[in-house]
S.K.: 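My structure is below; once you've seen it, I'll send some questions.
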Amino acid sequence: TALEFSVSLSTATAAVSGGNGLLAVTATPDLPWTAVSGANWLTIVSGFASGAGNGNVVYNASPNSTLNQRTGKITVTPVAGSGLNAKTLTVTQPAAESSVSPMGYEFGASGGAVNVEVTVNSIVEWSVDESLDWISIAGSTSRQGPGTVTISASANNTVYPRSGTIRVAGKTFSVSQKGHGVEIEYESKVFGVDGGMSSVSIHPDGNISWTAVASDTWIVIFQNASGTGDAEIEYILAPYEGDGSPRTGWIQIGDKKVYITQRSYDLDITPRADWVTGNAGAGEIGVSAGINDIWQAIITEGSWITIV
């Protein structure tokens, strides 16, 4: 008669708070077997680690004091020489729960601090993980149980805002910081098709560093592209070689933009269509263009038409 050996489950879930579980073993009468755990948080209850024939394995999962899900295995092995394979139960335990309040904070340009409340079970271990050079954490970054974390930001000595994330008790905490304000001489300027040179005065809020960035290659900053404090940014526009709509770009300093529009060639003809009788004749087309615009008339269709 063939020997019988099986278990009732291959997977199980333990509560975060821990507790006992049961695995039923079905085996040929008097067939010895033993059960062992491969995880230190998963133990076999005394008196239920071995048997012969049908029986039960009772195991205990300790409370999960971490913010990570964990997995352990219990292996039930029949007596050596039986020719039967061992059976495995995989036990999964969810991570402990946590919450933080607030979930993020925006600092002013001068820096500051914010208190973040962490709510967890008293046995739960947690940490604060951050790698931002402008952010610091007061006290230890490894804690246990509920508590308060003080997060500080250093002063932002530029006109540019900055942002990042911190992991607090397994949660993502978003941090951002405003840049210093900057005043600009004007917010928009219009150029003709030939382009040209111009400048814009900027006045940052304090003696802080800044960089001016052009949106397109046809806008070239050739003087004071970066600096500290007040400055006059000088730029040049290339001639507009297109024949379509006006083009628009900008120069950005911090959160401010100087919008630059360059007109295209201003060309029009009148009339747009004309009729000629059966006899030969002549007609005129009026051309409207900018003072320095160069234009040329060509015949694209009709060999019977000539331009005088």
S.K.: Using modelled atom types only, decide if a donor and an acceptor are shared between the side chain of S140 and the backbone of S142 within a distance under 3.5 Å.
M.R.: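 Yes; at least one donor-acceptor contact below 3.5 Å.
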
S.K.: V25 versus V76: any side-chain heavy-atom pair under 4.5 Å?
M.R.: yes

S.K.: Compare all side-chain heavy atoms of N20 with those of V45 and state whether any distance is below 4.5 angstrom.
M.R.: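 They are in contact (side-chain heavy atoms under 4.5 Å apart), so the answer is yes.
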
S.K.: Identify the heavy atoms of V120 and V124 that sit nearest to each other, and give their distance.
M.R.: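 Minimum heavy-atom contact is CB-CB, 4.0 Å.
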
S.K.: For N64 and P94, which heavy atoms make the closest approach, and how far apart are they?
M.R.: ND2-O, 2.8 Å

S.K.: For residues L67 and V100: do they belong to one hydrophobic cluster (side chain heavy atoms under 4.5 Å, members Ile, Leu, Val, Met, Phe, Trp, Tyr)?
M.R.: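 Shared cluster, yes.
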
S.K.: Would you find more than 12 non-hydrogen atoms of other residues, nucleotides or ligands less than 6.0 Å from K178 atom NZ?
M.R.: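 Count not over threshold, so no.
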
S.K.: Between T172 and R167, do the side chains contain a donor N or O and an acceptor N or O under 3.5 Å apart?
M.R.: yes

S.K.: Are any non-hydrogen side-chain atoms of Y59 and T43 less than 4.5 angstrom apart?
M.R.: no

S.K.: So, the side chain of Q262 versus the backbone of G192: is there a donor-acceptor pair under 3.5 Å, distance only?
M.R.: yes

S.K.: Atom OG in S8, atom NZ in K87: separation rounded to 0.5 Å?
M.R.: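 Between S8 OG and K87 NZ, I get 12.0 Å after rounding to 0.5 Å.
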
S.K.: Could you tell me whether the side chain of S215 and the main chain of W250 form a donor-acceptor pair under 3.5 Å?
M.R.: yes

S.K.: How many angstroms lie between atom CD of E130 and atom OG of S136, to the nearest 0.5 angstrom?
M.R.: 7.5 Å

S.K.: Does the pair L237 and W218 meet the rule for a side-chain contact (heavy atoms from CB on, under 4.5 Å), with working shown?
M.R.: CA-CA 6 Å; L237 262 64; W218 53 274; 3.7 Å; yes

S.K.: Ignoring hydrogens and geometry beyond distance, is a side-chain donor-acceptor pair present between E232 and S201 at under 3.5 Å?
M.R.: yes

S.K.: Can you confirm whether V175 sits close enough to L132 that some side-chain heavy atom of one is under 4.5 Å from a side-chain heavy atom of the other?
M.R.: yes

S.K.: Give the minimum heavy-atom separation between D230 and P204, together with the two atoms involved.
M.R.: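 Taking every non-hydrogen atom into account, OD1-CD, 3.5 Å.
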
S.K.: For S101 and E117, what are the C-alpha separation, side-chain angles and deciding distance, and is it a side chain to side chain donor-acceptor pair (under 3.5 Å)?
M.R.: CA-CA 5 Å; S101 179; E117 299 296 328; over 6 Å; no

S.K.: May I have the step-by-step check of side-chain contact (heavy atoms from CB on, under 4.5 Å) for L42 and I74, ending in yes or no?
M.R.: CA-CA 8 Å; L42 200 58; I74 293 173; 3.9 Å; yes

S.K.: Could you check T158 against N156 for side chain to side chain donor-acceptor pair (under 3.5 Å), going step by step and ending with a plain yes or no?
M.R.: CA-CA 6 Å; T158 74; N156 184 0; 2.9 Å; yes

S.K.: State plainly whether one hydrophobic cluster holds both F222 and V213, where clusters connect Ile, Leu, Val, Met, Phe, Trp and Tyr through side-chain heavy atoms under 4.5 angstrom apart.
M.R.: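 The answer is no; the residues belong to distinct hydrophobic clusters.
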
S.K.: Minimum heavy-atom separation for F5 and A27, please, with both atom names.
M.R.: CD1-CB, 3.9 Å

S.K.: Is there a side-chain contact between L9 and T11 (heavy atoms, below 4.5 Å)?
M.R.: no

S.K.: Do Y240 and I251 sit in one hydrophobic cluster, given that two such residues count as connected whenever their side-chain heavy atoms are within less than 4.5 Å of each other, even indirectly?
M.R.: no

S.K.: Is there a side-chain contact (heavy atoms from CB on, under 4.5 Å) between R247 and S264 once you walk through the steps?
M.R.: CA-CA 8 Å; R247 58 183 178 181; S264 61; over 6 Å; no

S.K.: Flag yes if I221 and W210 sit in one hydrophobic cluster, no otherwise; membership is Ile, Leu, Val, Met, Phe, Trp, Tyr, and two members link when side-chain heavy atoms are under 4.5 Å apart.
M.R.: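 Hydrophobic grouping puts I221 with W210.
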
S.K.: Distance-only, no hydrogens or angles: does the R143 side chain make a donor-acceptor pair with backbone N or O of T148 under 3.5 Å?
M.R.: yes

S.K.: Within the distance-only criterion (no hydrogens, no angle test), does the side chain of Q252 pair as donor or acceptor with the backbone N or O of G254 below 3.5 angstrom?
M.R.: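 Such a contact is found between Q252 side chain and G254 backbone.
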
S.K.: Could you see if W134 belongs to whatever hydrophobic cluster contains Y105? Use Ile, Leu, Val, Met, Phe, Trp, Tyr and a side-chain cutoff under 4.5 Å.
M.R.: yes

S.K.: Side chains of V118 and V149, heavy atoms from C-beta outward: is any pair under 4.5 Å?
M.R.: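 They are in contact (side-chain heavy atoms under 4.5 Å apart), so the answer is yes.
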
S.K.: Do S98 and T119 touch side chain to side chain, with heavy atoms closer than 4.5 Å?
M.R.: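 No - every pair of side-chain heavy atoms lies 4.5 Å or more apart.
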
S.K.: Indicate the atoms forming the closest heavy-atom contact of F173 with G104, along with that distance.
M.R.: CE1-N, 3.4 Å

S.K.: Any side-chain to backbone donor/acceptor pair from K256 onto V182? Under 3.5 Å, distance only.
M.R.: yes

S.K.: Indicate yes or no for a side-chain donor-acceptor contact from H203 to the backbone of E183 under 3.5 Å, with no hydrogens or angles considered.
M.R.: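 Pair absent, no side-chain N/O of H203 close to backbone of E183.
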
S.K.: Could you state the interatomic distance from OH (Y160) to CD1 (I208), rounded to the nearest 0.5 Å?
M.R.: 9.5 Å

S.K.: Hey, could you give me the NZ/OG1 distance between K189 and T261, rounded to the nearest 0.5 Å?
M.R.: 11.5 Å

S.K.: If I take atom CD1 from residue I260 and atom CZ from residue F191, how far apart are they, to the nearest 0.5 angstrom?
M.R.: 6.0 Å

S.K.: A side-chain contact here means heavy atoms from C-beta on lying under 4.5 Å apart; do L23 and N56 qualify?
M.R.: no

S.K.: Return yes if some donor-acceptor pair links the side-chain N/O of Q93 with the main-chain N/O of W41 below 3.5 Å, else return no.
M.R.: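 Between the backbone of W41 and the side chain of Q93 there is no qualifying donor-acceptor contact (under 3.5 Å).
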
S.K.: Roughly how far, to the nearest 0.5 Å, is OG1 of T150 from CG of N115?
M.R.: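 Taking CG in N115 and OG1 in T150, the distance rounds to 4.0 Å.
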
S.K.: For the side chain of Q177 and the backbone of S154, is there at least one donor-acceptor N/O pair under 3.5 Å apart?
M.R.: yes

S.K.: Test E185 against I202 for side-chain contact (heavy atoms from CB on, under 4.5 Å), laying out the working first.
M.R.: CA-CA 6 Å; E185 180 183 359; I202 66 166; over 6 Å; no

S.K.: Please check if the number of heavy atoms outside E187 that lie under 6.0 Å from its CD is greater than 12.
M.R.: no

S.K.: What is the minimum heavy-atom distance between W126 and V128, and which atoms define it?
M.R.: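 Closest approach of W126 to V128, heavy atoms only: CZ3-CG2, 3.9 Å.
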
